[in-house]
Amino acid sequence: MRIVLLGVPGSGKGTQTEAIVNRYCISTISTGDLLRAEVDAGTKLGQCAKPFIDTGNLVPFDIVLGVIENSLRKLSEASSKGFLIDGFPRDLPQAEALDKLLLRLDQPLDIVLFLDVDYEEIIKRLLIRGRNDDNEDTIRNRLQIFEDKTSPLISYYTKKGLLRKIKGTGDVTDISSHISRILDEVA
Ligand code: ADP
């Protein structure tokens, strides 16, 4: 099963990702995690990405595409049961690039889940989470970027018949069960 998970920062993608990959034995590709790992390892790529991450801006297309391409190739060589991509695509050019890449690998997406949470709830959650880049200015910038650049992907994937929207507030296990019901239909 091949899944893209969309949602604003703090919508609970990380939590739900863990539940989904455990249930369906698929792999996770999180561009945020991959980029942070590059930063921590002090690679050249990480050094280029750091200022963008620190300010909550999108890391340039070529850097992110390289990271995702690498991961998808590795998975496809390992003939895995599928994947869940979290944090990518974040704008239309990334979505189009992903389509091309998956077409080449003959691994089209099965479903795009959109975890829907309103912005007020998000700011509260992220300030509690307190990761390095979770200060109020960066959070506002990330939400604005979601609104401007990522939210057009909702209609992009709706037109392709792939999008399923899930209410991302309330009990975490209720949200997981809702997602499982949807994914069981696809699996
Ligand atoms: P969140 O969704 O909570 O903001 P992520 O871990 O997904 O957290 O992303 C953290 C940062 O990593 C983003 O603010 C951005 O700078 C960078 N990043 C992650 N994924 C992408 C992507 N697909 N394109 C560009 N930048 C990205």
Side-chain angles (χ1 to χ4, degrees), residues 2-21 27-73 75 83-102 109 112-154 156-157 166 168-169 172 175 179:
R2 294 176 293 270
I3 309 168
V4 158
L5 182 57
L6 295 179
V8 291
S11 55
K13 284 178 294 167
T15 309
Q16 296 304 332
T17 293
E18 214 178 300
I20 296 167
V21 301
S27 311
T28 319
I29 302 175
S30 157
T31 44
D33 287 349
L34 291 167
L35 291 168
R36 277 187 293 277
E38 297 282 344
V39 172
D40 291 345
T43 63
K44 210 167 163 206
L45 193 154
Q47 284 168 17
C48 293
K50 190 173 187 310
F52 296 94
I53 297 174
D54 287 346
T55 48
N57 288 305
L58 292 187
V59 171
F61 180 84
D62 291 346
I63 296 183
V64 180
L65 195 67
V67 163
I68 198 101
E69 206 165 342
N70 251 338
S71 306
L72 285 170
R73 266 186 214 295
L75 281 186
F83 53 75
L84 180 152
I85 309 178
D86 160 24
F88 184 95
R90 262 177 151 90
D91 61 11
L92 281 170
Q94 290 187 4
E96 284 160 2
L98 179 65
D99 280 346
K100 277 195 200 139
L101 187 58
L102 293 178
L109 291 175
V112 176
L113 299 173
F114 170 48
L115 209 48
D116 191 23
V117 181
D118 66 51
Y119 289 177
E120 265 172 49
E121 167 82 18
I122 289 295
I123 294 181
K124 271 191 260 163
R125 285 191 194 177
L126 288 178
L127 288 174
I128 292 170
R129 182 173 79 176
R131 200 172 69 199
N132 269 349
D133 56 344
D134 287 339
N135 61 67
E136 201 153 345
D137 285 347
T138 317
I139 292 170
R140 284 193 195 287
N141 192 29
R142 273 146 63 207
L143 292 179
Q144 190 64 49
I145 289 176
F146 184 90
E147 187 66 36
D148 296 344
K149 299 194 167 163
T150 313
S151 68
L153 300 185
I154 294 164
Y156 178 85
Y157 286 121
I166 292 126
T169 44
V172 175
I175 301 169
I179 292 177

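These values consider heavy atoms only, across backbone and side chains, with no hydrogens, waters or symmetry-generated copies. In listed order, ligands and their atoms are each counted from 1. The first residue of the sequence shown is numbered 1, and numbering continues consecutively from there.
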Note to self: Quick test of your reading of the model: are Asp134 and Arg142 salt-bridged, counting only N-O distances below 4.0 Å?
What the structure shows: yes
Please report, to 0.1 Å, the donor-acceptor pairs under 3.5 Å made by any side chain of residues 61-71, with sequence neighbours excluded.
from  : atom 1 : to    : atom 2 : distance (Å)
Glu69 : OE2    : Arg73 : NH2    : 3.2
Ser71 : OG     : Val67 : O      : 3.1

Checklist line | Evaluation steps, side chain to side chain contact (heavy atoms under 4.5 Å, CB included), between Arg140 and Ile123 | finding: CA-CA 8 Å; Arg140 284 193 195 287; Ile123 294 181; 3.5 Å; yes
Pairwise, report which nitrogen or oxygen atoms of ligand 1 are under 3.5 angstrom from protein nitrogen or oxygen atoms, and how far apart they are.
from     : atom 1 : to     : atom 2 : distance (Å)
ligand 1 : 2 (O)  : Lys13  : NZ     : 3.4
ligand 1 : 2 (O)  : Arg90  : NH2    : 3.1
ligand 1 : 3 (O)  : Arg129 : NH2    : 3.2
ligand 1 : 3 (O)  : Arg142 : NH2    : 3.3
ligand 1 : 4 (O)  : Arg90  : NH2    : 3.4
ligand 1 : 4 (O)  : Arg142 : NE     : 3.0
ligand 1 : 4 (O)  : Arg142 : NH2    : 3.3
ligand 1 : 6 (O)  : Arg36  : NH1    : 2.9
ligand 1 : 6 (O)  : Arg36  : NH2    : 3.0
ligand 1 : 7 (O)  : Arg90  : NH1    : 3.3
ligand 1 : 7 (O)  : Arg90  : NH2    : 3.3
ligand 1 : 8 (O)  : Arg131 : NH2    : 3.1
ligand 1 : 9 (O)  : Arg90  : NH2    : 3.4
ligand 1 : 16 (O) : Asn57  : O      : 2.6
ligand 1 : 20 (N) : Thr31  : OG1    : 2.8
ligand 1 : 20 (N) : Gly87  : O      : 3.3
ligand 1 : 20 (N) : Arg90  : NH1    : 3.0
ligand 1 : 23 (N) : Gly87  : O      : 2.9
ligand 1 : 23 (N) : Gln94  : OE1    : 3.1
ligand 1 : 24 (N) : Gln94  : NE2    : 2.9
ligand 1 : 26 (N) : Val59  : N      : 2.9

Margin query: Under the rule for side chain to side chain contact (heavy atoms under 4.5 Å, CB included), what residues qualify as partners of Ala95, not counting sequence neighbours?
Written below: Pro89, Leu153, Tyr156, Tyr157
Next item on the list: Kindly write out the residues that satisfy side chain to side chain contact (heavy atoms under 4.5 Å, CB included) with Lys124, not counting sequence neighbours, or none if the list is empty.
Entry: Glu121
Check: Would you say the side-chain atoms of Thr31 pair up with the backbone N or O of Gly87, donor to acceptor, closer than 3.5 Å?
Finding: yes
